[in-house]
Amino acid sequence: MFKGLLAFGAYCAALVASTSDGSVDVPNCPATASVAFTTAIPSGTPCPLTRIDLCYTSTTLNLVFTAYNETNFYYNPDHKTNDDIWAYEAMEAFIAKGSDDPQTYLEYEVGPNNVTFNAFIYNPSRVRREGAPMDQAFISDPLGDGFKAVTRLNKLAGTWTTESQIPLALFNGEDSTGSVWRMNFFRTITSASEFPEQKLCGWRNTGEANFHVTPAFGNIRFV
């Protein structure tokens, strides 16, 4: 019951910052804006609450991911940076600078074991259309490039949280007050008994079991 009240309170707080049309004004740190979601993609059926707190500095985009109502904490202990962590449990951010539906964007993911996936995605069809080009360029040294990720598990509370920093120079985006971005956020849920089947959860519904639908990305403004 206590865990449920905490999750409900976090969800209500997040709704204050995230408007129904997917537009979010993100402030300079240490102030934050938040987005939250509780629905599956594409069905719209219930998912455990996921919340992302966002802020920016002159050089970084800071994201705090929180997964609520977690029961599995399921990951592959053999995975290293840029392995297929998306096949297990992960929280994800797709990020592009500019207001257009992007054809190239950063895919950033983190698992409960603090392993990250970091790659620029080339998706010229904007929807991963069958037969269209689809490619990725890995960021091979994220720590050396200025990425940071610190993950904490609280199995008693049924949560895991990752504090992340992403360098804005990746997007030629330093000193970006007033800039517009496109983003979407996701969570994958599975367990040892369900793997490789997954529940796909997300902020802006893509309308199919496919996260790579960029017209669905929300509108983010650095204020």
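Count residues from 1 along the sequence.
- Taking the side chain as every heavy atom from C-beta outward, N28 and T177 approach each other to under 4.5 Å.
- Note that CG of L200 and CD1 of I41 are 7.0 Å apart. Values are rounded to the nearest 0.5 Å.
- In this structure, D25 contributes its side chain and F222 its backbone to no donor-acceptor pair below 3.5 Å.
- Applying the side-chain hydrogen bond (donor to acceptor under 3.5 Å, both in side chains) criterion to Y105, with sequence neighbours excluded, gives N123, H212.
- Checked against side-chain hydrogen bond (donor to acceptor under 3.5 Å, both in side chains), Q136 has no partners two or more places apart in sequence or in another chain.
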Practice task
Any chance you could lay out the side chain to side chain contact (heavy atoms under 4.5 Å, CB included) test for V24 and V35, step after step, and finish with the verdict?
Solution key: CA-CA 8 Å; V24 181; V35 300; 3.6 Å; yes

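- Linking Ile, Leu, Val, Met, Phe, Trp and Tyr residues whenever their side-chain heavy atoms come within less than 4.5 Å places W86 and V115 in a single cluster.
- Taken from CD in Q103 to CD1 in I121, the straight-line distance is 14.0 Å, to the nearest 0.5 Å.
- Rounding to the nearest 0.5 Å gives a distance of 5.0 Å between CG of L106 and CD1 of I95.
- Nearest approach of N82 to S140, heavy atoms of both residues: ND2-CA, 4.2 Å.
- In this structure, L153 and P112 approach most closely via the heavy-atom pair CD2-O, 3.3 Å.
- When all heavy atoms are compared, the tightest approach of E208 to P42 is N-CB, 3.4 Å.
- Under the 4.5 Å side-chain heavy-atom criterion for grouping Ile, Leu, Val, Met, Phe, Trp and Tyr, L61 is connected to F120 within one hydrophobic cluster.
- Checked for salt-bridge contact, R187 and E109 miss the test: no charged N lies under 4.0 Å from a carboxylate O.
- When atom types are taken as modelled, the side chain of T188 and the backbone of A90 share a donor-acceptor pair closer than 3.5 angstrom.
- Distance check, rounded to the nearest 0.5 Å: CZ of R221 to OG of S179 gives 10.0 Å.
- Listed for the Q165 side chain is no donor-acceptor partner under 3.5 Å among the backbone atoms of T59.
- Clustering ILVMFWY residues whenever any of their side-chain heavy atoms sit less than 4.5 angstrom apart, transitively, puts M183 in the very cluster that holds F65.
- Counted by atom type alone, Y108 and T116 present zero donor-acceptor pairs between their side chains at under 3.5 Å.
- A donor-acceptor pair is defined here as one N or O able to donate and one able to accept, closer than 3.5 Å; such a pair exists between the side chain of E70 and the backbone of N72.
- Applying the ring-ring contact (aromatic ring centres under 6.0 Å, His included) criterion to F138, with sequence neighbours excluded, gives F117.
- More than 12 heavy atoms of other shown residues, nucleotides or ligands fall within 6.0 angstrom of atom CZ in R128.
- The shortest distance between side-chain heavy atoms of F211 and F185 does not fall below 4.5 Å.
- R51 and S34 form a side-chain donor-acceptor contact under 3.5 Å, judged by distance and modelled atom types alone.
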Could you give the side-chain donor-acceptor pairs of residues 73-81 under 3.5 Å, partners two or more places apart or in another chain?
{"residue": "N76", "atom": "OD1", "partner": "D78", "partner atom": "N", "Å": "2.9"}
{"residue": "N76", "atom": "ND2", "partner": "Y88", "partner atom": "OH", "Å": "3.3"}

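- The side-chain hydrogen bond (donor to acceptor under 3.5 Å, both in side chains) check on N113 picks up nothing, with sequence neighbours excluded.
- Using a distance-only test at 3.5 Å, with no hydrogens or angles considered, a donor-acceptor pair links the side chain of Q198 to the main chain of A87.
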Table please: side-chain donor-acceptor pairs of residues 144-152 below 3.5 Å, with sequence neighbours left out.
{"residue": "T151", "atom": "OG1", "partner": "N114", "partner atom": "OD1", "Å": "2.6"}
{"residue": "T151", "atom": "OG1", "partner": "T162", "partner atom": "OG1", "Å": "2.7"}
{"residue": "R152", "atom": "NH1", "partner": "E163", "partner atom": "OE2", "Å": "3.2"}

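- Checked by atom type and distance alone, the side chain of D135 never pairs as donor or acceptor with a backbone atom of Y122 at under 3.5 Å.
- Residues P46 and T38 fail the side-chain proximity criterion, which asks for heavy atoms closer than 4.5 Å.
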Exercise for the section: Verify ring-ring contact (aromatic ring centres under 6.0 Å, His included) between F217 and W181, making sure each step is shown before the conclusion. Expected result: CA-CA 9 Å; F217 285 18; W181 299 68; over 10 Å; no

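- Aromatic pair W203/F186: ring centres not closer than 6.0 Å.
- Under the 4.0 Å criterion applied to side-chain N and carboxylate O atoms, R126 and D101 are not assigned as salt-bridge partners.
- Using modelled atom types, no side-chain atom of K155 and backbone atom of W160 make a donor-acceptor pair closer than 3.5 Å.
- The cluster map of Ile, Leu, Val, Met, Phe, Trp and Tyr, joined by side-chain heavy atoms under 4.5 Å apart, puts I85 and I139 in different clusters.
- Between the side chain of T214 and the main chain of P102, a donor-acceptor pair closer than 3.5 Å is present.
- Note that SG of C201 is 11.5 Å distant from CE of M91, once rounded to the nearest 0.5 Å.
- In terms of heavy atoms, T104 sits closest to A96 at O-CB, 3.9 Å.
- With hydrogens and angles ignored, the 3.5 Å screen pairs a side-chain donor or acceptor of T190 with a backbone N or O of E197.
- Looking at every heavy atom in both residues, A40 comes nearest to K199 through CB-CE, 4.1 Å.
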Exercise for the section: Could you check L63 against I166 for side chain to side chain contact (heavy atoms under 4.5 Å, CB included), going step by step and ending with a plain yes or no? Expected result: CA-CA 8 Å; L63 304 173; I166 297 172; 3.9 Å; yes

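- From I220, atom CD1 reaches atom OG of S23 across 8.0 Å, with rounding to the nearest 0.5 Å.
- With hydrogens and angles ignored, the 3.5 Å screen pairs no side-chain donor or acceptor of N62 with any backbone N or O of C55.
- Shortest non-hydrogen contact noted between K97 and S176 is CE-OG, 3.8 Å.
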